[in-house]
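Reviewing the structure listed below.
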Amino acid sequence: MVNNFFIARDFDWEVRRSSHLDRALNVIARRLGTQIYTAPIIDRLILTLTGFRLSATWSGSSTNLEQRINIYHLVSQVLAYEVEGDLVEVGCNEGQSSILIRTVMNDFKLQKAFHVYDSFSGLPDTRAEDGTSYKAGDLAVSEAAFRKNFADRGLSIPVIHKGWFSDTLPTGLPDRICFAYLDGDLYDSIMVSLEHAYPRLSKGAICLIDDYCDTAVDPHGWNELPGVKKACDDFLADKPEKICYLYSGSYTHGFFRKL
């Protein structure tokens, strides 16, 4: 049975104040018969006034309902079919999706480990393939915030691997993986994640990739991190698996199943 109450209710969906301002400006624009995209302008304004870059700190802003449903079903699949291996999330940030993964694991009561990986220092350096929406240091969150989110819900904390992926993944991944959630945002981060996670995926394991946007399938998809798709396409070019593009509401997901 799908745990709809957990997916939809057990999170804070309140709109951030900056989003209220963005919404108000768009309402005014529509009444004037036009459309505007004011979110980046508001982010820059708040940065100028406060010195802080906005990042998603409330549940519902960096993972939406559709993404959570995707995660719920895909994690449930590998657990229900008892695919060999543990679960990993590469790029856990403050733990919104990690909390969902842990909750699904608890429902199945299987003896599997859960490993999470993050620098807790924001993004590393970007490259041309990553576009211009983000730069080094963006999306930083503390390990303490991650731990607090788990403690607030009474959930056991996963095995935390703090550091850059190139340092933690080569020796820090479990030998066998049944589910991998890759949320590295950038070309290099996704590429190094695939290079080290792919050989450890068991047959039937699922690899879910956040921010994978295929504009040929969804011309209006969220394509602010184009390096993600390019890294996946480059890595899988000589592999039998192909990415399946998932509907994810205002965000984007892609996944493949290990053959």
Side-chain angles (χ1 to χ4, degrees), residues 2-4 7-8 62-93 96-98 100-101 104-105 108 112 114 116-117 129-131 165 169 173-174 176-259:
V2 178
N3 195 340
N4 292 314
I7 295 171
S62 68
T63 57
N64 60 19
L65 180 61
E66 292 86 355
Q67 284 185 306
R68 290 171 187 175
I69 291 173
N70 292 342
I71 294 170
Y72 182 92
H73 283 294
L74 294 177
V75 173
S76 296
Q77 280 185 34
V78 298
L79 296 181
Y81 286 103
E82 298 186 3
V83 177
E84 180 186 1
D86 297 321
L87 294 83
V88 304
E89 181 178 7
V90 185
C92 60
N93 197 258
Q96 293 180 21
S97 50
S98 310
L100 175 54
I101 293 170
V104 177
M105 292 177 67
F108 278 83
K112 290 180 178 289
F114 182 25
V116 299
Y117 306 77
E129 289 87 345
D130 298 313
F165 299 158
L169 296 181
L173 286 168
R176 304 304 300 166
I177 298 172
C178 67
F179 179 84
Y181 186 27
L182 309 185
D183 190 6
D185 298 327
L186 307 178
Y187 181 95
D188 287 339
S189 297
I190 294 296
M191 181 60 76
V192 73
S193 299
L194 287 167
E195 287 174 348
H196 292 288
Y198 181 87
R200 294 172 169 83
L201 293 172
S202 302
K203 183 178 181 180
I206 287 176
C207 183
L208 177 64
I209 303 101
D210 198 57
D211 303 312
Y212 181 96
C213 183
D214 188 344
T215 54
V217 177
D218 182 7
H220 304 293
W222 195 81
N223 195 31
E224 297 300 310
L225 293 165
V228 171
K229 181 179 185 299
K230 179 168 175 51
C232 292
D233 293 348
D234 289 350
F235 181 83
L236 293 173
D238 60 349
K239 309 290 190 303
E241 295 84 5
K242 302 301 177 187
I243 296 284
C244 176
Y245 189 60
L246 285 172
Y247 175 74
S248 306
S250 55
Y251 292 121
T252 53
H253 265 165
F255 85 99
F256 66 88
R257 194 185 307 273
K258 185 70 178 291
L259 300 176

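Since this is a predicted model, take the numbers as computed values, not measurements.
- Relative ring orientation between Tyr251 and Trp222 is described as perpendicular, the plane-to-plane angle rising above 60° on a 0-90° scale split at 30° and 60°.
- Sparse packing is recorded around NZ of Lys203, with 12 or fewer heavy atoms of other residues, nucleotides or ligands lying under 6.0 Å away.
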Begin from the C-alpha positions of Cys207 and Leu194 and carry the test side-chain contact (heavy atoms from CB on, under 4.5 Å) through to its verdict.
-> CA-CA 9 Å; Cys207 183; Leu194 287 167; 4.3 Å; yes
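- Note that CD1 of Ile177 and NE2 of His196 are 11.5 Å apart. Values are rounded to the nearest 0.5 Å.
- Residues Tyr245 and Ile243 have side chains not in contact (no heavy-atom distance under 4.5 Å, counting atoms from C-beta outward).
- Two residues are said to be in side-chain contact when any heavy atoms from C-beta on lie closer than 4.5 Å; Ser189 and Val90 fail this criterion.
- With rounding to the nearest 0.5 angstrom, the CZ atom of Phe255 is 7.0 Å from the CD atom of Gln77.
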Stepwise side-chain contact (heavy atoms from CB on, under 4.5 Å) test for Cys178 and Tyr81 | CA-CA 10 Å; Cys178 67; Tyr81 286 103; over 6 Å; no
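- Val228 approaches Leu186 most closely through the heavy-atom pair CG2-N, 4.3 Å.
- Residue Lys229 holds its NZ atom at 9.5 Å from CG of Asp234, rounded to the nearest 0.5 Å.
- By the 30° and 60° cut-offs, the orientation of the rings of Tyr181 relative to His253 is perpendicular.
- Checked by atom type and distance alone, the side chain of Asn70 pairs as donor or acceptor with a backbone atom of Tyr247 at under 3.5 Å.
- Looking only at distances, no side-chain donor or acceptor of Glu241 sits under 3.5 Å from a matching main-chain atom of Leu236.
- With values rounded to the nearest 0.5 angstrom, Asp233 atom CG is found 9.0 Å from Lys242 atom NZ.
- To the nearest 0.5 Å, atom CG of residue Asp211 and atom CG of residue Asp130 are 11.0 Å apart.
- For Arg176 (side chain) and Asp86 (main-chain N/O), no donor-acceptor pair under 3.5 Å exists by modelled atom type.
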Going through the checks in order, is the side-chain contact (heavy atoms from CB on, under 4.5 Å) test met by Ile69 and Gln67?
-> CA-CA 5 Å; Ile69 291 173; Gln67 284 185 306; over 6 Å; no
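- A donor-acceptor pair is defined here as one N or O able to donate and one able to accept, closer than 3.5 Å; no such pair exists between the side chain of Ser193 and the backbone of Leu182.
- A pairwise comparison of heavy atoms in Ala205 and Val83 identifies N-CG1, 3.8 Å as the closest pair.
- In terms of heavy atoms, Val104 sits closest to Ser76 at CG1-OG, 3.7 Å.
- Considering CG of Asn223 and OG1 of Thr252, their distance stands at 7.5 Å, rounded to 0.5 Å.
- A heavy-atom distance below 4.5 Å is found between the side chains of Leu173 and Tyr117.
- Looking at Leu79 and Leu87, their side chains come closer than 4.5 Å, going by heavy atoms from C-beta outward.
- Between the Lys239 side chain and the Phe235 main chain, a donor and an acceptor come within less than 3.5 Å of each other.
- Between the side chain of Lys112 and the main chain of Gly85, a donor-acceptor pair closer than 3.5 Å is present.
- The two residues Gly254 and Leu208 come nearest to each other via the heavy atoms O-CD1, 3.4 Å.
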side-chain contact (heavy atoms from CB on, under 4.5 Å) between Leu74 and Leu246, worked out | CA-CA 11 Å; Leu74 294 177; Leu246 285 172; 4.0 Å; yes
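- Summarising the geometry of Lys258 relative to Leu201, their closest heavy-atom pair is NZ-O, 3.2 Å, with the distance given to 0.1 Å.
- Taking all atoms of both residues into account, the shortest heavy-atom contact from Ile190 to Gly184 is CD1-N, 3.5 Å.
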